[in-house]
Number of protein chains: 2
Amino acid sequence: MFELLHKKINEIISLTDEEFNYCRTAFTPRKLRKRQYLLQEGDVGKYQAFVEKGLLRSYKIDDKGVEHILQFAPEGWWVADLYSFFTDEPSSFNIEALEDSEVLLINKSSWDMLLQNVPKFERYFRVLLQNNLVATQRRLMGSLSETAEEKYLKYTQTYPDCMQRVPQHMIASYLGITRETLSRIRKQLSEKK
Amino acid sequence: MFELLHKKINEIISLTDEEFNYCRTAFTPRKLRKRQYLLQEGDVGKYQAFVEKGLLRSYKIDDKGVEHILQFAPEGWWVADLYSFFTDEPSSFNIEALEDSEVLLINKSSWDMLLQNVPKFERYFRVLLQNNLVATQRRLMGSLSETAEEKYLKYTQTYPDCMQRVPQHMIASYLGITRETLSRIRKQLSEKK
DNA sequence: AAATAACTGTGATCTATATCAATTATTTTT
DNA sequence: AAAAATAATTGATATAGATCACAGTTATTT
């Protein structure tokens, strides 16, 4: 159950067996069925989730009722509403399993304890955030400068595995375009090459 | 020279005098004249900069030659190309002073030493990154769901001080719209109210 | 295996914002 | 204070992508 987490942590910091055994106790495993929600808009995002198996997405619904996907989280990724988690404010995000999934949940107090007892974890999370920030900045710059087609090609090339597991209209929502536009782009691409 | 940095660090972690004195040695002060560059596209971003005085921006130029502003950095903010800083790859960003400014620079090896000698800094940077990530995610979601007018109102309300110090066409570039569109939006807003 | 629900494709039309082009402020430099 | 550079405004026109509407597929559920 904790193999992938262990492996991922080890890529960034090295833990003694004792430290990792303590770490285990901080998490609660949970299984999710396809379409099950880990967090719904309006609730407080009490957990950060590490995905051991399956695939989740976090998204938000705007004033006009349109969904916008912030993140897909396949195996080995973290997903949460960080703002809600750290402030205890109600979340504006939804987090939903797109496949039957297994996640490891950590709540705020366990997380605080973990950092206190194994300070190396400050570094682990710092590195994760750093990488996530760089990727999010790229996505933002791209969303301001690229055409719909460029975005589509970029993300299917960057996350080919993940994009294949996800329905097209969600890819569109992730890219910030409509499903109709994405459908037309795919048609064009298949015709020209 | 180090007052603001000291104050800002203290908001997140508490340092002994000894620790802060060590911290000082990690930074090099630098004055920048208006329009002077701290980093140019193609060079490696060797420093993270803390702004003690003045105002900088980081931006990127896309394939069509259009500028896109990632960040304005007034007093108390950090600015850098994190990707280039951590990987030593050439940067695709430019960082330019928009006013005469004073910054504190820290290079990679000093930064590594600082984290090694004062591990509390892991937490300081983790918290900075966390806040930055949340803000960048918001900006991304906004860029996908809001109209040009909504974006304009949101950012002038969120950063009123900063937005007033910056020429209009740069606000437009930050929002991801053209200067013409911004000009028309401002006209409408001034007419209707 | 039907029935239902979820997803994808395609045409017709609309719209917010971009682009192009020229004019008028406003700063900055000499 | 004039000249030069930079920034902002305004009009006319173009366009990428949105919206609407419906038909055809593919998955799930009963």
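Numbers restart at 1 for each chain; the letters A, B, ... are given by sequence-line order, proteins then strands.
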For B:Lys34, does its backbone N or O pair with a side-chain atom of B:Asp100 as donor and acceptor, under 3.5 Å?
yes
Does any pair with a residue in residues 127-139 of chain B pass side chain to side chain donor-acceptor pair (under 3.5 Å), and if so which ones, sequence neighbours excluded?
B:Arg126-B:Gln130, B:Asn132-B:Thr136
Taking the side chain as every heavy atom from C-beta outward, state whether B:Asn21 and B:Thr25 have any atom pair closer than 4.5 Å.
no
Look at the aromatic rings of B:Phe27 and B:Trp78 and report parallel, tilted or perpendicular, splitting at 30° and 60°.
tilted
Filter on ring pair (Phe, Tyr, Trp, His ring centres under 6.0 Å), then keep only pairs touching residues 167-186 of chain B, sequence neighbours left out; what's left?
B:Phe72-B:Tyr174, B:Tyr155-B:Tyr174
Return the residues of residues 94-103 of chain B meeting this criterion: a heavy atom under 4.0 Å from some atom of DNA chain D. Order them by number, or give none.
none
Between which nucleotides of DNA chain D, read 5' to 3', does contact with chain B run, using atoms under 4.0 Å from its heavy atoms?
D:dA7 to D:dA12
For nucleotides 28-30 of chain C, tabulate all protein N/O to nucleotide N/O atom pairs closer than 3.5 Å, reporting atom names and distance.
| from | atom 1 | to | atom 2 | distance (Å) |
| --- | --- | --- | --- | --- |
| C:dT28 | OP1 | B:Lys34 | NZ | 3.1 |

Counting N and O atoms only, with roles assigned by atom type, does the side chain of A:Glu122 sit under 3.5 Å from a partner on the main chain of A:Pro119, one being a donor and the other an acceptor?
no
Check ring pair (Phe, Tyr, Trp, His ring centres under 6.0 Å) between B:Tyr152 and all other residues, then give those that pass, not counting sequence neighbours.
none
Tested for side-chain contact (heavy atoms from CB on, under 4.5 Å) against B:Ser145, the lone hit among A:Asp62, A:Ile61, A:Asp63 is A:Asp62
Checking ring-ring contact (aromatic ring centres under 6.0 Å, His included) against A:Trp111, which of A:Tyr47, A:Phe86, A:Tyr124, A:Phe50 comes through?
A:Phe86
Can you list every pair that meets side chain to side chain donor-acceptor pair (under 3.5 Å) and has a residue in residues 81-90 of chain B, with sequence neighbours left out?
B:Asp81-B:Ser91
From CD (A:Gln168) to CZ (A:Arg186), nearest 0.5 Å:
4.0 Å
Using the test ring pair (Phe, Tyr, Trp, His ring centres under 6.0 Å), find all partners of B:Phe2 that sit at least two apart in sequence or belong to another chain.
none
Can you tell if the side chain of B:Val103 reaches within under 4.5 Å of the side chain of B:Val79, non-hydrogen atoms only?
no
A correct 5'-to-3' footprint of nucleotides 14-23 of chain C, with B, S and - meaning base, sugar-phosphate only and no protein heavy atom under 4.0 Å, is ---SSBB---
Listed partners of A:Tyr59 passing ring pair (Phe, Tyr, Trp, His ring centres under 6.0 Å), at least two apart:
none
Taking the side chain as everything from C-beta on, heavy atoms only, tell me whether A:Val166 gets closer than 4.5 Å to A:Ile69.
no
Quantified as the angle between the terminal helix axes (five pairs each), what is the overall bend of the helix from C:dA1-D:dT30 to C:dT30-D:dA1 to 10 degrees?
60°
Where along residues 150-172 of chain B does a heavy atom come under 4.0 Å from DNA chain D, residue by residue in number order?
B:Pro167, B:Gln168, B:His169
Taking A:Lys53 first and then A:Glu75, would you say they form a salt bridge - that is, a charged N and a carboxylate O separated by under 4.0 Å?
no
Any side-chain heavy-atom pair from B:Arg165 and B:Leu98 closer than 4.5 angstrom?
no
